[in-house]
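In what follows, a structure is listed as structure tokens, so that the remarks can point back to it.
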Amino acid sequence: MPTLKPRHAGDHSNEPRVLIQDVIPYEVAASLDALQGPGEGVLTLPHHIYWGPQADCDLGQLEGVFKAYQAILREGTRADQEQLLNAGLLGKVWDELMLPIRVRDLWENKFPQLAQRS
């Protein structure tokens, strides 16, 4: 049976590290035109997208839009994104959303017009 050697704090292996943030399978909508979500009102996020308390997001308040859109972009499937995101609202708040770098890169590479709004 092989023995495992403990890794010490100063021990730097030549093996590349794989971080969870580098392998999470983020999805991206088919097109911005496909984003047919509401642009106003209260949006209740499904449990598989937002599992915290208070899943209701008031799209009339920036905090509500940020909460909803950040969760949907990180956790939603393409179908979720197309059903819940609104293209006009996404364009308005894109620069202010706190997103993982890979999410922002995936969306901006597919939809350069989002990056151009910066």
Side-chain angles (χ1 to χ4, degrees):
M1 188 166 182
T3 58
L4 299 176
K5 200 165 98 178
R7 190 171 180 180
H8 301 287
D11 182 18
H12 297 287
S13 172
N14 288 335
E15 297 177 22
R17 292 182 65 189
V18 177
L19 304 174
I20 188 70
Q21 67 193 19
D22 297 330
V23 295
I24 293 174
Y26 297 116
E27 295 193 25
V28 180
S31 70
L32 291 179
D33 290 337
L35 304 180
Q36 299 298 313
E40 58 185 24
V42 175
L43 177 62
T44 302
L45 297 175
H47 189 70
H48 68 276
I49 291 177
Y50 184 80
W51 47 91
Q54 301 297 326
D56 292 340
C57 301
D58 182 353
L59 299 180
Q61 302 291 322
L62 276 178
E63 296 81 17
V65 177
F66 294 159
K67 174 181 168 181
Y69 279 39
Q70 289 167 173
I72 295 165
L73 290 164
R74 282 191 322 264
E75 305 294 337
T77 64
R78 176 179 290 178
D80 293 327
Q81 294 165 352
E82 292 174 357
Q83 178 186 8
L84 300 172
L85 296 174
N86 176 282
L89 194 50
L90 179 64
K92 288 178 185 174
V93 300
W94 180 254
D95 291 337
E96 299 177 65
L97 295 175
M98 293 180 60
L99 299 169
I101 292 169
R102 278 189 51 241
V103 171
R104 187 168 296 279
D105 287 347
L106 286 167
W107 278 78
E108 289 182 353
N109 286 333
K110 188 162 187 177
F111 309 116
Q113 59 270 45
L114 290 173
Q116 293 169 358
R117 295 175 189 238
S118 300

R104 vs L97, side-chain contact (heavy atoms from CB on, under 4.5 Å): CA-CA, chis, key distance, verdict: CA-CA 9 Å; R104 187 168 296 279; L97 295 175; 4.1 Å; yes
Roughly how far, to the nearest 0.5 Å, is the [atom2] atom of [Y] from the [atom1] atom of [X]?
X	Y	atom1	atom2	result
L62	K67	CG	NZ	14.5 Å
C57	E63	SG	CD	11.0 Å
Y50	E75	OH	CD	11.5 Å
L32	Q113	CG	CD	5.0 Å

Given the rule in the side-chain contact (heavy atoms from CB on, under 4.5 Å) test, do W107 and L90 qualify, once you have shown the distances and angles that lead to the verdict? CA-CA 11 Å; W107 278 78; L90 179 64; 3.9 Å; yes
Quick one: do L84 and I49 satisfy side-chain contact (heavy atoms from CB on, under 4.5 Å)? Show the steps, please. CA-CA 11 Å; L84 300 172; I49 291 177; 3.7 Å; yes
Min side-chain heavy-atom separation [X]-[Y] under 4.5 Å:
X	Y	value
Y26	P100	yes
W94	L99	yes
L35	N86	no

Heavy-atom closest pair, residues [X] and [Y]:
X	Y	value
Q70	M98	OE1-N, 2.7 Å
Q81	E27	NE2-O, 2.9 Å
A68	L43	CB-CD2, 4.2 Å

Neighbour count above 12 (heavy atom, 6.0 Å) for H48 NE2: yes
Hydrophobic cluster membership, with links at side-chain heavy-atom distances under 4.5 Å among I/L/V/M/F/W/Y: are [X] and [Y] in one?
X	Y	value
V103	V23	yes
V65	V42	no
V93	L45	yes
F66	W51	no

Between V28 and N109, is the side-chain contact (heavy atoms from CB on, under 4.5 Å) condition met? List the steps. CA-CA 10 Å; V28 180; N109 286 333; over 6 Å; no
Is the backbone of T77 close enough, under 3.5 Å, to the side chain of D80 for a donor and an acceptor to pair up by distance? yes
